[in-house]
Amino acid sequence: MASRTEGNGRFEALVQRYARLVRSAVGRVAGPESALVAEDAEQEVFLSLWKALGNERTPGHPASYIYRTAVRETVRLLRRVRREQETAMDAVGERAAMDPDPEARAFSRELGRQIAGSIETLSPDRARAVRAHLAGYDVREVMEMFGWSYHRARNLISRGMADLRKELARRGIHA
Amino acid sequence: MRDPDELGRAYRAWPPEEAHPTEAEWEAFATGELAPEQERRLVEHAIRCPSCSVVHRALLQLAREAPRFDPDAPVRGGGRRPALRPVRLFALAAGVVLAVTAVLLVRPGREGKAPVVREVAPAAPQLLRPVGDVTGPPPPFDWTTVPDARGYVVELLDAGGATLWRSPEVEGPPVSVPPGLLFRGGTYHWRVEARLSPAGRPLLSRIATFTVAGGETARSGPG
């Protein structure tokens, strides 16, 4: 009985650490806006993991269940963060307040379209590096995603951004 | 000159018009069960799509950090292979039968030179230590070796990913950093490049992270 209790304790500790990791990962990528999902996100994830695992609480082999459940909870939590951000912005009209000038909004979308088109003209690796950079990935993530060295990742981003600016200038956009 | 952030915002305001990965696909990605082509498509989508890029980045962080406290986590690129599905198991069994048949068919006489059969591409080195929280002097860098490796180079990076130190090519682990190099309190990353002989493509390990408690810790000792 003692070992069963001990096993459950280890299992609970593991779930708790996964819950912290999920909260940390979500907070890191969703930024300050993730506060919208409430301060008790960690406890919420812990409970979700605990419930989702249901009868799979077998302390001998819990790892793959907990990791997989943590992955699912991360995806769901981020989707929820995004939905709540969109709902909040729509509800109070913040979207319009943040970008009050319809002309500026239209220009931003057109710029986005031109950027996407310009990236298509870059060499494949520079295009990947630039897309990842503009999407918010840091150098380390770019290195890891594509198996590049630090210097290669930095060079591809730097040269790719220079190429992008040249192509935008050719299209009459001075970026 | 436009603000680089403005370019990023404008780029993110123009998401691709294509289906997002499903929850099952994200799970398969995080556990390393996607086929290379599927994984390539998922990554190409994520770097174009603002909402998927945050999911992707969070899962990369999960896969990177879970093994610190859970060595059995079935992370992508980890030391543990995902469970084989029945189709893959059948394909593997068929492959083994074919390979054995091929070896038997081309096997020379006892005096002949045995043919060299390369069955699979070698796996990248797995980083063993230091990882996670380190108290006191960090232990020497240790990793699993790779068959046919001529040597290894260890690269130590700071928290921002800048290279702090690269070792000369060494025959294998363990490797200590040179005396005098200090670890200030903070986060460090490291990885190992296996150089295959005679002139094979280098194999890069995944990046491991360790955190040194506050203050400075002097490293010394043999490499």
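Computed from a predicted structure; not experimentally measured. In what follows, chains are A, B, ... by sequence order, proteins preceding strands, each numbered from 1.
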* Structure fact -> Tightest non-hydrogen contact, residues Trp148(A) and Arg191(B), listed as O-NH1, 3.4 Å
* **side chain to side chain contact (heavy atoms under 4.5 Å, CB included) between Phe146(A) and Ile47(B), intermediate numbers included** => CA-CA 12 Å; Phe146(A) 300 119; Ile47(B) 62 177; 4.2 Å; yes
* **Heavy-atom closest contact (Met145(A) atom, Val43(B) atom, distance)** => SD-CG1, 3.8 Å
* Report yes if some heavy atom in the side chain of Arg64(B) is under 4.5 Å from a heavy atom in the side chain of Glu141(A); otherwise report no. => yes
* To do: Taking the side chain as every heavy atom from C-beta outward, state whether Leu21(A) and Arg68(B) have any pair of such atoms under 4.5 Å apart.
  => no
* Asked: What heavy-atom pair brings Ala58(B) and Ala25(A) nearest, and what distance separates the two atoms?
  -> O-CB, 3.8 Å
* Do you know the tightest heavy-atom contact between Tyr67(A) and Ala73(B)? -> CD1-CB, 4.0 Å
* To do: State whether Arg72(A) and Glu23(B) are salt-bridged, where the test is any N-O pair (Lys NZ or Arg NE/NH1/NH2 against Asp/Glu carboxylate O) under 4.0 Å.
  => no
* With a 4.5 angstrom heavy-atom cut-off, could you sort out which part of Arg79(A) is near chain B: side chain, backbone, both or neither? => side chain
* Minimum heavy-atom distance between Arg131(A) and Tyr11(B), given as atom pair plus value -> CG-OH, 3.2 Å
* Please look at Leu78(A) and chain B and tell me whether the side chain, the backbone, both or neither of the residue comes under 4.5 angstrom of a heavy atom of that chain. => side chain
* To do: Check the pair Leu7(B), Arg165(A) against side chain to side chain contact (heavy atoms under 4.5 Å, CB included), reporting the backbone distance first and the verdict last.
  => CA-CA 10 Å; Leu7(B) 290 183; Arg165(A) 288 196 166 90; 4.0 Å; yes
